[in-house]
Amino acid sequence: MPFAQPKPASMDGGGTGGNLSGKQHLMSTGIPIDTLPAEDASPWRPTLYVMFAAQFLSMVGFAFTLPFLPFYIRELGVADERLVPVWAGVMMASGSLVMAFFSPLWGWLSDRYGRKIMVERAMFGGAVITFSMGLVTDVWQLLFLRLLSGATTGTISASIAMVSTTVPGSRLGYGLGLMQVSVFLGMTLGPWIGGLLADAIGYRHTFMAGGVILLIGGLLVLFWTRENFVRPSAETLRGSATLLSLLTYAGFPAMLTLFFLFHFTVQFVAPILPLFIETMHETAWGGIAATTGLLFAVSGGTAAVAAGGIGYLSDRVGYKPVLLVHIALTALTMLLHGFAQGVAQLLLLRFFYGLAAGGILPTMNALVGRLVPPSSYGKAYGLTASTTCLGMAAGPFCGGLMAAWWGYRWPFAAVAAMMIAIAMPAVLSVRQRPG
């Protein structure tokens, strides 16, 4: 997504899109301009920047546990090593699976009652649940809290919906790009800091620290953001787009498919990456959790760099070419993961993986913002969150099963094959919605 006033390009990579102003492009796609905030209609910048900080903190709090979740499962009594990656996959899949069903509901409610309250619900709920994960005594209690987290949280889609209706239409790309950077930065520092804390103070206290950080993010939203939300009239609500009617917008169903496929393939290796690192861990790199956190941080940092610059490129050469190139590069780097023989090689691969994968999500979110009217942003981003969660649920579960029987290297090859064989054709099927 761009970090300056965007000049949207055609989703087909056409050369004329870069010559349209933001308003002209929105008019060409049939989006009603009068539903978007005017440039100076409200003090949107302070709210945007507070939302950036709050989303960053929420991602740090949630990502604290990524480097050591399989090791925490061991601590809770799972002694069979073949079951550890399976349980790790179940833990990561369970919350995402439940979230897939609740995200459209929260999006539907946000279009009727406001987006800010949905952000507060996600952050405060996440704070309580994450803190409680440090108090569990067995793996079944942890699974229950993961399920509850999936039903209650979902800060990314809630924040995107709020920012989309807060910033002026001409600055939509800037606002969403900034929010995507906050996600990547949080995913960069969260695992690193969490890994260091886990080695220093233990897994339980690190969960509790993550809950406190989420609480701070929620308080920022509660006291320092403004939302000029006016509840739609009953007549407007009856005439607004339903969840199913959003599928009639050209290109939107293909984007939903792509959200699922991308997250399925990326999350396929998520539960086994810490265990894969453990097999080649070298003491010179420090503790295992800290090393895992460092590798997550490297990929997250380079992904943030990619997210910051991808809008400039995609506005000029088209969204589809950029997506195709980044998916191909992501597949290549994933394949090379399976051949790594040491932490140093993994560190280099995580660097290039972040640059490749970081350019995908910002572009997809920007496309969604151009395909549907702002009055339906809550429902639209709720649906993308739902398909995202389905992919995040199915991916780690399948990856954990494959790792349990085939080892830790084959899942990386499977990811590369799926991206080339499935995700790239999904991108090619996206067509620009006629004006």
Side-chain angles (χ1 to χ4, degrees), residues 61-97 130 133-147 149-150 187 190-210 266-283 285-297 299-300 334 337-338 340 343 346 350 392-412 414-415:
F62 282 123
F64 256 26
T65 64
L66 289 177
F68 62 81
L69 183 60
F71 312 134
Y72 190 46
I73 290 171
R74 283 179 184 162
E75 186 177 286
L76 291 176
V78 179
D80 189 340
E81 279 300 310
R82 292 185 65 179
L83 292 180
V84 172
V86 175
W87 267 109
V90 169
M91 290 296 175
M92 299 189 70
S94 58
S96 298
L97 184 61
T130 301
M133 288 181 182
L135 305 175
V136 300
T137 57
D138 62 54
V139 72
W140 292 102
Q141 294 176 6
L142 181 63
L143 177 60
F144 171 76
L145 289 178
R146 292 286 297 179
L147 293 170
S149 176
M187 293 297 293
W192 193 10
I193 299 173
L196 292 172
L197 281 178
D199 286 339
I201 64 176
Y203 303 141
R204 295 183 180 275
H205 289 97
T206 304
F207 272 107
M208 297 176 186
V266 171
Q267 293 298 317
F268 195 82
V269 299
I272 59 100
L273 185 58
L275 298 170
F276 181 51
I277 294 170
E278 184 183 33
T279 65
M280 61 181 67
H281 183 254
E282 301 148 12
T283 56
W285 291 88
I288 297 175
T291 302
T292 305
L294 173 63
L295 294 178
F296 274 114
S299 59
M334 273 295 183
H337 272 63
V343 174
L346 276 179
R350 295 304 291 180
M392 294 177 68
F397 179 72
C398 296
L401 289 177
M402 176 177 275
W405 296 101
W406 287 18
Y408 299 141
R409 296 185 182 273
W410 278 106
F412 294 103
V415 164

Quick one: [atom1] on [X] to [atom2] on [Y], what's the gap to the nearest 0.5 Å?
X      : Y      : atom1 : atom2 : answer
Asp80  : Trp87  : CG    : CH2   : 12.5 Å
Glu75  : Asp138 : CD    : CG    : 12.5 Å
Ile73  : Leu142 : CD1   : CG    : 6.5 Å
Leu295 : Ile277 : CG    : CD1   : 4.5 Å
Leu273 : Tyr408 : CG    : OH    : 11.5 Å

Contacts of type salt bridge (Lys or Arg N to Asp or Glu O under 4.0 Å), residue Arg74, not counting sequence neighbours: Glu81, Glu278
I need the minimum non-hydrogen distance between [X] and [Y], along with the two atoms involved.
X      : Y      : value
Val269 : Val415 : CG1-CG2, 3.7 Å
Thr130 : Gly210 : CG2-C, 4.0 Å
Gly338 : Arg409 : O-NH1, 2.7 Å
Arg204 : Gly134 : NH1-O, 3.2 Å

Working for side-chain contact (heavy atoms from CB on, under 4.5 Å), residues Leu135 and Gln141: CA-CA 9 Å; Leu135 305 175; Gln141 294 176 6; over 6 Å; no
Ser94 side chain vs Val90 backbone, donor-acceptor pair below 3.5 Å: yes
Return all side-chain donor-acceptor pairs below 3.5 angstrom for residues 396-406, not counting sequence neighbours, or 'none' if the list is empty.
none

For Phe412, all residues meeting ring pair (Phe, Tyr, Trp, His ring centres under 6.0 Å), sequence neighbours excluded: Phe276, His337
Contacts of Phe207 that satisfy ring pair (Phe, Tyr, Trp, His ring centres under 6.0 Å) - sequence neighbours left out: Phe68, Tyr72
Set of side chain to side chain donor-acceptor pair (under 3.5 Å) partners for Thr206, sequence neighbours left out: none
Partner residues of Pro274 under the side-chain contact (heavy atoms from CB on, under 4.5 Å) criterion, sequence neighbours left out: Pro70, Phe71, Thr292
